[in-house]
Amino acid sequence: MNWDQIAGNWKQATGKLREKWGKLTDDDIEVIAGKRDQLVGRIQERYGVAKEKAEEEVRTWERLYH
C-alpha cells in the first residue's frame, strides 16, 4: 500500500499506527495527520532513533499495512 492510501484512510490507519508505535500520543497523531515526514520526526523524538532508522521502520510498516 502506498502512503497516499494510508493518508486517505488516516482515521483507520491510526489504530495500526498505535499498535506499532505505542509511545505516540494522541497529540502526536493529530500533528502527524497523515503526513509521512511528521510521522518519521515523531518516531525519532519518542524513540530516540536516527532519521534513517525511523524511515526504515515507516517503510516496513507501509508495506505491511493492510
Side-chain angles (χ1 to χ4, degrees):
M1 181 167 285
N2 70 35
W3 190 261
D4 290 334
Q5 291 171 310
I6 292 170
N9 295 311
W10 187 244
K11 293 273 188 210
Q12 294 83 2
T14 58
K16 295 205 181 268
L17 195 76
R18 286 188 174 115
E19 286 175 21
K20 173 72 175 161
W21 294 289
K23 290 183 181 180
L24 295 177
T25 66
D26 289 341
D27 288 340
D28 291 334
I29 301 295
E30 283 184 37
V31 169
I32 294 165
K35 295 180 222 103
R36 192 178 190 283
D37 59 330
Q38 290 288 329
L39 174 58
V40 171
R42 292 295 167 142
I43 292 170
Q44 283 180 265
E45 287 176 23
R46 297 287 179 234
Y47 289 88
V49 297
K51 183 176 183 176
E52 294 78 22
K53 175 69 174 161
E55 284 277 358
E56 178 184 325
E57 288 188 18
V58 170
R59 271 194 306 273
T60 300
W61 181 78
E62 247 177 295
R63 284 193 302 270
L64 298 175
Y65 176 82
H66 304 236

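By convention here, the first residue in the shown sequence is residue 1.
- When all heavy atoms of I29 and W10 are compared, the pair lying nearest together is O-NE1, 3.7 Å.
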Quiz prompt | Check against side chain to side chain contact (heavy atoms under 4.5 Å, CB included), D26 and R18 | solution = CA-CA 9 Å; D26 289 341; R18 286 188 174 115; 2.7 Å; yes
Self-check item: Stepwise side chain to side chain contact (heavy atoms under 4.5 Å, CB included) check, E57 with Y47
Solution: CA-CA 11 Å; E57 288 188 18; Y47 289 88; 6.0 Å; no
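- Between A7 and G34, the closest heavy-atom pair is CB-O, 3.5 Å.
- Listed by chain and residue number, R36, V40, K51, R59 satisfy the side chain to side chain contact (heavy atoms under 4.5 Å, CB included) test with E55 (two or more places apart in sequence, or in another chain).
- Applying the salt bridge (Lys or Arg N to Asp or Glu O under 4.0 Å) rule to K23 yields no partners; only residues at least two apart in sequence or on another chain are considered.
- Applying the side chain to side chain contact (heavy atoms under 4.5 Å, CB included) test to E45 and every residue at least two apart in sequence or in another chain returns R42.
- Looking at residues two or more places apart in sequence or on another chain, you find a salt bridge (Lys or Arg N to Asp or Glu O under 4.0 Å) between R46 and D28.
- Taking D4 as the reference, nothing meets the side chain to side chain donor-acceptor pair (under 3.5 Å) condition, with sequence neighbours excluded.
- Taking the salt bridge (Lys or Arg N to Asp or Glu O under 4.0 Å) definition, one finds that D27 meets it with nothing, sequence neighbours left out.
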Exercise. Apply side chain to side chain contact (heavy atoms under 4.5 Å, CB included) to the pair L17 and I6, showing each step before the final yes or no.
Key: CA-CA 10 Å; L17 195 76; I6 292 170; over 6 Å; no
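- Taking each heavy atom of K11 and T14 in turn, the nearest pair found is O-OG1, 2.7 Å.
- The two residues Q44 and A54 make their nearest non-hydrogen contact at CG-CB, 3.9 Å.
- Interatomic distance, W3 CH2 to L39 CG, rounded to the nearest 0.5 Å: 5.0 Å.
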Quiz item: Given the rule in the side chain to side chain contact (heavy atoms under 4.5 Å, CB included) test, do W61 and I43 qualify, once you have shown the distances and angles that lead to the verdict?
Solution: CA-CA 12 Å; W61 181 78; I43 292 170; over 6 Å; no
